[in-house]
Amino acid sequence: MSGRPEELHARHRAVLPDWLALYYDRPIEITHGEGRHVWDAEGNRYLDFFGGILTTMTAHALPEVTKAVSEQAGRILHSSTLYLNRPMIELAERVAQLSGIPDARVFFTASGTEANDTALMLATTHRRSNQIVAMRNSYHGRSFSAVGITGNTAWSPTSLSPLQTLWVHGGVRSSGPFAELSDAEFTAACVADLEDLLGQAQSGVAALIAEPVQGVGGFTSGPDGLFAAFREVLDRHGILWISDEVQTGWGRTGEHFWGWQAHQENGPPDILTFAKGIGNGVSIGGVVARAEVMNSLGANSISTFGGSPVTMAAGLANLSYLLEHDLQGNARRVGGLLIERLRAATAGIAAVREVRGRGLMIGIELTDPATGGPAPALAAAVLEAARAGGLLVGKGGGHHSSVLRVAPPLSLTVAEAEEGARILGEALRTATGGG
């Protein structure tokens, strides 16, 4: 078999769906990685600033994780949730304690999509309602229920849904009808929008689901405290709050371990979902909820692959490494440096509308200088130029995908942050013709 990327790409197109997106005009096959770097099939080395969509959270080929996976695989790979599972119980105990949710129960899944799907089932069952409030510009996964509450049209391929979804403002601070308001005024306007929305609901709403920082939406967020203000309204109506921490969890934002903690005046959410980084590339998702909500299902349920012994072993090893090496603190320190360097590197480039973010979750929003509108072609060109310079980044930002997404592993070093900012600055200048 030939290893040429063009031939592998042709085979991909012949057997996989057209909607399965690939980056780059000439897609690459990543064959291995180490630390914050990966290599493609042609031997090119890249500094990885996207981590497999924020999933390689600590480092590529982290010895502690690979050792745990290997040792567990040598014992037993799978048993299902029908049997006692020591690694699953141990990881659940740690996640429950870290979640901040009192009397917490944890259910493991195989993905973030499945975690959010489970959270929606719990909320609608507990509240006996199929009405969900979701944020505009949001993304929550690709299942039938998750796309029904996804407010980003580029990632919601069908309008058919088992849920009635109500959309509220607040996920995007720097554009939209409230962009010119102060933070306090912005929050008040969003709360008034929520109050008005609930006043028009046909019956009791089950839950509000929200990403503390919108991931696919371009690393956007409302002001700190927004969801605490929302929570006051939700509590009056008995509505649950689901915090989608699939991208913001485990210390990525630097300032907090969970994204919801930027809004902690009124305590933790009723339901928290997680995935991606906890497995460092191994497929783990999950839901945390207080026992009253988690135990509200009235029928039997299991998970064939959620909580498998090998994935739980990986999660335990990865979480231990994260905590023991204070990677949240590293995300805060090195992330702060990186955003400063990116702002300096992009200064004077007319197409750069905003560099924003928290910790190692940074977005660079691009616009067409002539129109002020989105610039998806430019974002794609910057991705290509960055790759040519030895750097992998992502993109997102609503329907037009005009935001560069920068989210390296949390063990990123200062030298790597400096290098990545330099390459990305050069890529932006190359793609924009120098300014």
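Because only heavy atoms are used, hydrogens play no part in the values below, and waters and symmetry mates are left out as well, while side chains stay in.
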Side chains of [X] and [Y]: does their closest heavy-atom pair fall under 4.5 Å?
| X | Y | result |
| --- | --- | --- |
| E324 | L322 | no |
| L410 | N330 | no |
| L208 | M135 | yes |
| M312 | Q72 | no |
| E34 | W39 | yes |
| L8 | H12 | no |

State whether R333 and D326 are salt-bridged, where the test is any N-O pair (Lys NZ or Arg NE/NH1/NH2 against Asp/Glu carboxylate O) under 4.0 Å.
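Looking at R333 and D326, the cut-off is met.
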Do E71 and K67 sit within salt-bridge range, that is, some charged N less than 4.0 Å from a carboxylate O?
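The answer is yes: the pair qualifies as a salt bridge.
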Between [X] and [Y], which heavy-atom pair has the shortest distance, and what is it?
| X | Y | answer |
| --- | --- | --- |
| Q214 | R136 | NE2-O, 2.9 Å |
| P408 | L338 | CG-CD2, 4.3 Å |
| A313 | P87 | N-CB, 4.2 Å |
| A207 | I242 | CB-CD1, 3.8 Å |
| S401 | K395 | CB-NZ, 4.2 Å |

Under 3.5 Å, is there a donor on one side chain and an acceptor on the other for [X] and [Y]?
| X | Y | result |
| --- | --- | --- |
| H140 | D244 | yes |
| R36 | S411 | yes |
| S320 | R94 | yes |

Given side-chain contact (heavy atoms from CB on, under 4.5 Å), test I28 with N44 step by step and report yes or no.
CA-CA 10 Å; I28 62 175; N44 298 305; over 6 Å; no
Residue list, ring pair (Phe, Tyr, Trp, His ring centres under 6.0 Å) with [X], at least two apart or on another chain:
| X | result |
| --- | --- |
| H256 | none |
| F49 | none |
| H78 | F305 |
| Y321 | H325 |

Other residues, nucleotides and ligands only: do more than 12 of their heavy atoms fall within 6.0 Å of [atom1] on [X]?
| X | atom1 | result |
| --- | --- | --- |
| L163 | CG | yes |
| R142 | CZ | no |
| L84 | CG | no |

What pairs of residues pass the side-chain hydrogen bond (donor to acceptor under 3.5 Å, both in side chains) test when at least one of them lies in residues 286-295, not counting sequence neighbours?
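side-chain hydrogen bond (donor to acceptor under 3.5 Å, both in side chains) check on residues 286-295 returns D270-R290, R290-E292.
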By side-chain contact (heavy atoms from CB on, under 4.5 Å) - contacts of P269 (at least two apart)
W241, S243, W260, L272
